[in-house]
Amino acid sequence: MEQILQTTYLWLKAGHIIFVIFWMAGLFMLPRYYVYHQESAPGSEEEAKWVDREAKLRKIILTPSLIMVWLFGLALASSIGAWSQGWLHAKLLFVVALSGYHGWLVGYGKKLARGERSLSGKTLRLLNEIPGLAAAIIVVLVVVKPF
Ligand code: HEM
């Protein structure tokens with residue numbers, strides 16, 4: 001029984017990390033796409049291509065990865081009985097914030113597709129630092145477990 005639980009835990013962790021990589025890759029790429037999108041002429045064929053690429057990135061990579069990271073993460077937390085541990089609470093705070101950022105990015109993409117370009121390229125480039133910072137903090141919390 002011990003052996004089965006240990007093997008399940010390792011497979012859950014492998015699945016979790018695989019989808020964390022996909023999710024983070026998508027979160028790094030999408031604002032970059034938005035920068036290039038905003039550099040294209042409004043109404044042009046190039047703009048239409050960016051709208052299509054953005055929708056594909058969201059549907060094929062970002063949304064499925066977000067769901068899988070959450071499912072594997074919650075299953076992992078149950079499998080090691082981590083619900084009362086401080087590092088998990090802190091990690092969840094950052095993961096919820098990162099999921100909120102994901103949601104905001106999706107909303108901005110829909111606005112862009114309607115032709116509304118409310119942010120500058122510089123602001124979008126700055127926003128691109130958010131997932132990197134959040135990932136660094138999340139990884140320290142889960143590996144070092146400082147509390
Ligand atoms: C979506 C909600 C998430 C939950 C509920 C969650 C929960 C967990 C749990 C319980 C573990 C196992 C920890 C252990 O075995 O000691 C774990 C491992 C891990 N998580 Fe998450 N996680 C989530 C999202 C994320 C995100 C967004 C990242 C990175 C940006 C991440 C990175 C990692 C890494 C690298 C490990 C492996 C740590 C190790 O082997 O020591 N997780 N996660």
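Both ligands and their constituent atoms are indexed starting at 1 by order of listing. Numbers for residues simply follow the sequence, beginning at 1.
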Q: Indicate yes or no for a side-chain donor-acceptor contact from Tyr101 to the backbone of Leu127 under 3.5 Å, with no hydrogens or angles considered.
A: yes

Q. Quick check: does any side chain N or O of Gln38 sit under 3.5 Å from a backbone N or O of Tyr33, one acting as donor and the other as acceptor?
A. no

Q: Can you pull out the closest protein heavy atom to atom 19 (C) of ligand 1? Residue, atom name and distance to 0.1 Å, please.
A: His16 CD2, 3.4 Å

Q: With heavy atoms of Ile138 as the reference, note each atom of ligand 1 found under 4.0 Å away.
A: 26 (C), 28 (C), 29 (C), 31 (C)

Q | atom 21 (Fe) of ligand 1 reached by Val20 (N, O or S, under 2.8 Å) | A | no

**Q.** CZ-OG distance between Arg117 and Ser40, expressed to the nearest 0.5 angstrom
**A.** 5.0 Å

Q) Mind checking whether Phe72 and Phe19 have parallel, tilted or perpendicular rings, split at 30° and 60°? A) parallel

Q: Using distance alone, determine whether Lys91 and ligand 1 share an N or O pair under 3.5 Å.
A: yes

Q. Do any N or O atoms from the side chain of Glu47 and from the backbone of Gly43 form a donor-acceptor pair under 3.5 angstrom?
A. yes

(Q) Students should be able to answer this: which protein heavy-atom is nearest to atom 5 (C) of ligand 1, and at what distance? (A) Gly73 C, 3.4 Å

Q: Report yes if some N/O of Trp23 lies less than 3.5 Å from some N/O of ligand 1; otherwise report no.
A: no

Q: With atom 13 (C) of ligand 1 as the reference point, say which of Val69, Val144, Val142, Val139 has the nearest heavy atom.
A: Val142

Q.
I'd like to know if the side chain of Ser79 reaches the main chain of Tyr9, judged simply by a donor and an acceptor atom lying under 3.5 Å from each other, with no hydrogens or angles considered.
A. no

Q) Considering only protein heavy atoms, which is closest to atom 39 (C) of ligand 1, and at what distance to one decimal place? A) Lys13 NZ, 3.5 Å

Q: Under 4.0 Å from a heavy atom of Tyr9: give me the atoms of ligand 1 that qualify, with their elements.
A: 14 (C), 15 (O)

**Q.** Taking atom 16 (O) of ligand 1 as the reference point, the nearest protein heavy atom with its distance
**A.** Lys145 NZ, 2.5 Å

Q) Can you check whether Trp87 has an N/O within less than 3.5 Å of an N/O in ligand 1? A) no

Q. Between Trp23 and His102, does any side-chain donor sit less than 3.5 Å from a side-chain acceptor?
A. yes

Q: Answer with side chain, backbone, both or neither: which part of Ala77 has a heavy atom less than 4.0 angstrom from an atom of ligand 1?
A: both

Q | atom 37 (C) of ligand 1: nearest protein contact (heavy atom, Å) | A | Ile17 CD1, 3.9 Å

**Q.** Under 4.0 Å to a heavy atom of Leu74 - the qualifying atoms of ligand 1, by number
**A.** 5 (C)

Q) What residue and atom, counting heavy atoms only, is the protein's closest point to atom 11 (C) of ligand 1, and at what distance? A) Leu76 CD1, 3.5 Å

Q. Looking at Val95, which atoms of ligand 1 are within less than 4.0 Å of one of its heavy atoms?
A. 1 (C), 2 (C), 24 (C)

Q) Can you find a non-hydrogen atom of Leu92 under 4.0 Å from ligand 1? A) yes

